Amino acid sequence: MNKIYFDHNATTPIIDEVFEAVVPYLKDQWGNPSSIHWAGRGPKKALEEAREKVCKLLNCAPLELIFTCSGTEGANHAIKGLAYAKKDRGNHIITTKVEHPAVLNTCKHLSKEGFDVTYLDVDPDGMIDLEELKKSITPKTVLITVMFANNETGVIFPIKEIGDIAKERGVAFHTDAVQAAGKVPIDVQDLNVDVLTISGHKLYAPKGVGALFVRRGVRLVPLIHGGHQERNRRGGTENVPGIVALGKACEVAVRDMDKETAHLKALKERLEKGISEKVPHIKINGHPDKRLPNTANISFEFVEGESLLLNLDMKGIAASSGSACTSGSLEPSHVLVSMGITHELSHGSVRFSLGKSNTMEEVEYLIEVMPPIVERMRSMSPLYAGIK
Ligand SMILES: *Cc1c(COP(=O)(O)O)cnc(C)c1O
């Protein structure tokens with residue numbers, strides 16, 4: 001059976017170039033980068049070279065980058081670090097209803113510590129309203145945290161505009177760019193973001209490594225206290241192989257982005273068009289054009305998403321409902337529900353997130369196997385019988 005992976009927003013495979021770059025740092029170059037002797041020198045050099053490569057992807061300076069162990073850690077560090085650093089000035093945080101749990105649950109935790117959190121609504125396209133954002137800012141607002149691109153729908157938020165508003169009002173701004181990094185250009189010189197989070201395993205590096213851009217002059221309270229690594233901003237001996245991998249993955253992302261975007265866009269457009277033509281009673285979710293090139297989120301009426309996924313799995317196709325972190329739970333997607341999609345329809349929603357190695361043949365295969373699966377499932381639905 002063919003194995004087809006359409007779940008790149010959950011995690012990506014490690015590409016060969018990244019794998020090969022890492023091997024020496026799992027084997028011969030095992031030293032501690034903080035050591036001043038011969039064993040530390042190679043790893044230290046690799047660490048700083050990787051830092052420069054990540055900086056190229058974001059267009060920032062090496063001093064502005066902290067390595068972390070995940071996107072979740074980055075979001076925690078950014079949000080708690082900024083909130084704690086500014087708590088003398090105010091206790092109000094603004095975010096959106098459609099953030100990843102790494103952001104939502106960090107904000108939820110802070111609200112137990114006395115912070116007030118405003119969760120901005122999104123419209124049926126999954127987009128926030130900048131006027132609502134402006135109106136939400138109070139003299140007590142110290143932090144805005146809005147994701148760059150949504151992991152479930154691929155909707156891309158107006159980060160530049162949000163950054164301009166934050167700067168004008170003197171509010172710190174963090175963006176969770178885990179899904180955007182490597183898929184769309186990110187230039188922190190052009191965006192008024194103070195802190196930005198990325199994660200290795202969403203851009204073809206392994207799990208357990210990430211990075212945080214912290215603009216020069218922005219103060220963050222450290223999350224992990226320990227040694228003097230990362231200029232006292234994050235303790236703990238660095239994950240050298242992971243960091244080398246992240247550096248390589250960023251280098252490849254910069255090099256291949258244009259080609260990759262064109263490839264993904266073509267596949268996504270064919271997927272959405274093919275399914276729309278062959279399967280009735282569906283809805284494509286998310287803003288029509290402000291969307292990542294790789295993400296298609298489709299609701300199928302009169303179908304239970306989890307069974308649809310199992311049926312696809314039997315055909316070798318891996319996709320997901322909502323985010324990997326919430327799938328398996330019976331809660332409907334908080335993202336789709338925030339967009340005004342009914343609980344029922346959101347239960348019938350599937351996310352196809354494409355990546356580097358996917359081909360047009362794989363998309364055609366999906367378009368071919370999908371209609372009979374959906375038809376068979378609907379034939380068992382009493383509601384659908386009523387419609388027909
Ligand atoms: C995956 C993801 C995260 C979490 O990153 P980890 O490295 O898995 O902790 C955060 N935000 C978004 C938008 C994500 O897609």
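Everything numeric here is computed off the predicted structure, so don't read it as measured data. Both counts, for ligands and for their atoms, begin at 1 and track the order of listing.
Both tests do not hold together for Arg378 against Phe302: distance to the six-membered ring centre under 6.0 Å, angle to the ring axis within 45°. Relative to the six-membered ring of Tyr365, Lys315 misses at least one condition, a distance below 6.0 Å or an angle of at most 45° to the axis.
The heavy atom nearest to atom 14 (C) of ligand 1, out of those in Lys202, Lys207, Glu99, is found in Lys202.
Ligand 1 has an N or O atom lying under 3.5 Å from an N or O atom of Gly71, backbone or side chain. Here's the thing with Asn9: none of its N/O atoms is less than 3.5 angstrom from an N/O atom of ligand 1.
With a heavy-atom cut-off of 4.0 Å, Glu73 does not touch ligand 1 at all. The proximity of His201 to ligand 1, defined as any non-hydrogen pair under 4.0 Å, is limited to the side chain. By the criterion of a heavy-atom distance under 4.0 Å, both the backbone and the side chain of Thr72 are placed next to ligand 1. Of all the heavy atoms of Ser199, the ones lying under 4.0 Å from any atom of ligand 1 belong exclusively to the side chain.
For the pairing with Arg351, the side-chain hydrogen bond (donor to acceptor under 3.5 Å, both in side chains) check across Asn285, Asp7, Thr153 returns one residue only, Asp7.
Counting heavy atoms from C-beta on, the side chains of Ile137 and Ile165 come closer than 4.5 Å.
For ligand 1, the atoms lying closer than 4.0 Å to a non-hydrogen atom of Ser70 are 7 (O), 9 (O). Close approach of ligand 1 to Asn151 is summarised as follows: ligand atoms under 4.0 Å from at least one heavy atom of the residue are 13 (C), 15 (O).
A salt bridge links Lys97 with Asp121: at least one charged nitrogen is closer than 4.0 Å to a carboxylate oxygen. A salt bridge is absent between Arg233 and Glu230: the closest approach of a Lys/Arg side-chain nitrogen to an acidic carboxylate oxygen does not fall below 4.0 angstrom.
Side chains of Thr141 and His92: a donor-acceptor N/O pair is present below 3.5 angstrom, by distance only.
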